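Structure, as structure tokens:
Heads up: numbering here begins at 1 and tracks the sequence. As the structure is a computational prediction, the values presented were derived from the model and not from experiment.
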Amino acid sequence: MKSSNSLIYKGLRLIFKPLFYVLFRPVIVGRENIPKSGGAVIAGNHKHALDPIFVDICTKRVVCTLAKKELHDGKFGFLFRGAGTIPVDLHSAHNPAALKAAVKALKESSLVNVSPEAKRNYTDQLLLPFKYGAAVMSYRTGVPIIPYAITGNYRPFRERVKITFGKPIFPSGKETHE
């Protein structure tokens, strides 16, 4: 991520983190599973627009989030571009530009947040069918996938939201041991 994007990202996090804590009193489990350095794919469910912000406040590291292209093209697109999100065309069967950008970020030791469902889940189903992007990113770069699950509802002052990070999952044949 370019340093100018990093500054914008960190500035936005400086604003959103305390606001998020006051409004939603988040519970974070397994934060220690997010690597302190090196690349990793952070992959989990996506039921609410605030989910990426929740992931971002769980670490001091900059997180490059895959976000639908329309957000980059909209009225607040400058914020999404400035924060270093990676645009994804949800109407396309394949997103080679997004995959290339994510792989580049991972090779530069960044964290990349992706929803394996490939979009927000507006249904009553627990999860939508997974796409292969997170696994492909992990395999091409040798970095682990850090799974997460967000539960609860974003109801200010009334309910807590919880995120649970699982143990790293390394691509087959590329396990590393510390």
Side-chain angles (χ1 to χ4, degrees), residues 1-3 5-6 9-10 12-13 16-17 20-21 24-68 83-88 94-121 125-152 154 160-178:
M1 174 181 279
K2 293 185 289 189
S3 62
N5 288 0
S6 178
Y9 175 92
K10 289 176 181 176
L12 288 170
R13 184 169 52 200
F16 283 115
K17 187 173 183 173
F20 205 89
Y21 272 89
F24 305 113
R25 302 172 307 134
V27 175
I28 303 168
V29 177
R31 183 191 320 239
E32 67 278 3
N33 293 320
I34 302 171
K36 295 193 183 341
S37 63
V41 177
I42 301 176
N45 62 323
H46 186 22
K47 290 205 60 109
H48 197 280
L50 294 175
D51 291 344
I53 295 172
F54 195 3
V55 172
D56 291 345
I57 68 167
C58 292
T59 179
K60 292 180 181 177
R61 297 184 62 195
V62 173
V63 180
C64 300
T65 298
L66 274 72
K68 65 181 177 180
T85 60
I86 298 170
V88 177
H94 301 284
N95 285 278
L99 180 60
K100 182 178 178 181
V103 165
K104 180 178 186 286
L106 291 166
K107 286 181 177 179
E108 293 171 352
S109 296
S110 294
L111 298 175
V112 173
N113 180 23
V114 61
S115 168
E117 298 167 287
K119 62 183 178 181
R120 219 157 104 195
N121 182 351
Q125 295 176 338
L126 182 60
L127 293 169
L128 298 174
F130 280 11
K131 305 290 184 187
Y132 298 105
V136 170
M137 290 174 211
S138 174
Y139 188 79
R140 286 190 183 175
T141 60
V143 304
I145 296 175
I146 311 300
Y148 69 83
I150 298 175
T151 55
Y154 293 92
R160 297 187 88 158
V161 181
K162 179 179 178 182
I163 188 167
T164 303
F165 290 96
K167 298 280 184 198
I169 302 167
F170 286 87
S172 180
K174 299 190 178 195
E175 291 85 359
T176 63
H177 303 283
E178 297 185 46

Return all side-chain donor-acceptor pairs below 3.5 angstrom for residues 57-68, not counting sequence neighbours, or 'none' if the list is empty.
{"unit_1": "Thr59", "atom_1": "OG1", "unit_2": "Arg61", "atom_2": "N", "d": "3.1"}
{"unit_1": "Arg61", "atom_1": "NH1", "unit_2": "Pro35", "atom_2": "O", "d": "2.9"}
{"unit_1": "Arg61", "atom_1": "NH1", "unit_2": "Gly38", "atom_2": "O", "d": "2.9"}
{"unit_1": "Arg61", "atom_1": "NH2", "unit_2": "Gly38", "atom_2": "O", "d": "2.8"}
{"unit_1": "Arg61", "atom_1": "NH2", "unit_2": "Ser109", "atom_2": "O", "d": "2.6"}

Legend entry - Between CG on residue Asp56 and CZ on residue Phe16, distance to nearest 0.5 Å: 10.0 Å
Inset, instruction - For the residue pair Phe24 and Tyr154, categorise the inter-ring angle as parallel (less than 30°), tilted (30 to 60°) or perpendicular (more than 60°). - result: perpendicular
Legend entry - Main-chain N/O of Gly39 paired with Ser110 side-chain donor or acceptor, under 3.5 Å: no
Legend entry - pair His48-Ile150: side-chain heavy atoms closer than 4.5 Å: no
Inset, instruction - Look at atom OH of Tyr21 and say whether more than 12 heavy atoms of other residues, nucleotides or ligands are closer to it than 6.0 Å. - result: yes
Inset, instruction - Would you kindly say whether Tyr148 and Asn113 are connected by a side-chain donor-acceptor distance under 3.5 Å? - result: yes
List the atom pairs, donor and acceptor, that lie under 3.5 Å between side-chain atoms in residues 160-170 and the rest of the protein, sequence neighbours left out.
{"unit_1": "Arg160", "atom_1": "NE", "unit_2": "Arg25", "atom_2": "O", "d": "2.8"}
{"unit_1": "Arg160", "atom_1": "NH2", "unit_2": "Arg25", "atom_2": "O", "d": "3.3"}

Legend entry - Which atom of Ala134 lies closest to which atom of Val114, heavy atoms considered: CB-CG1, 3.7 Å
Legend entry - Taking every non-hydrogen atom, the tightest pair across Lys107 and Arg140: CE-O, 4.4 Å
Legend entry - Closest non-hydrogen atom pair, Ala43 against Ile145: CB-CG2, 4.0 Å
Legend entry - Any Pro52 side-chain heavy atom under 4.5 Å of His46 side chain: yes
Inset, instruction - Please report the shortest heavy-atom distance between Val112 and Ala105, naming the atom on each side. - result: CG2-CB, 4.0 Å
Legend entry - Nearest-0.5 Å distance that lies between atom CD1 in Ile34 and atom CD1 in Ile146: 7.5 Å
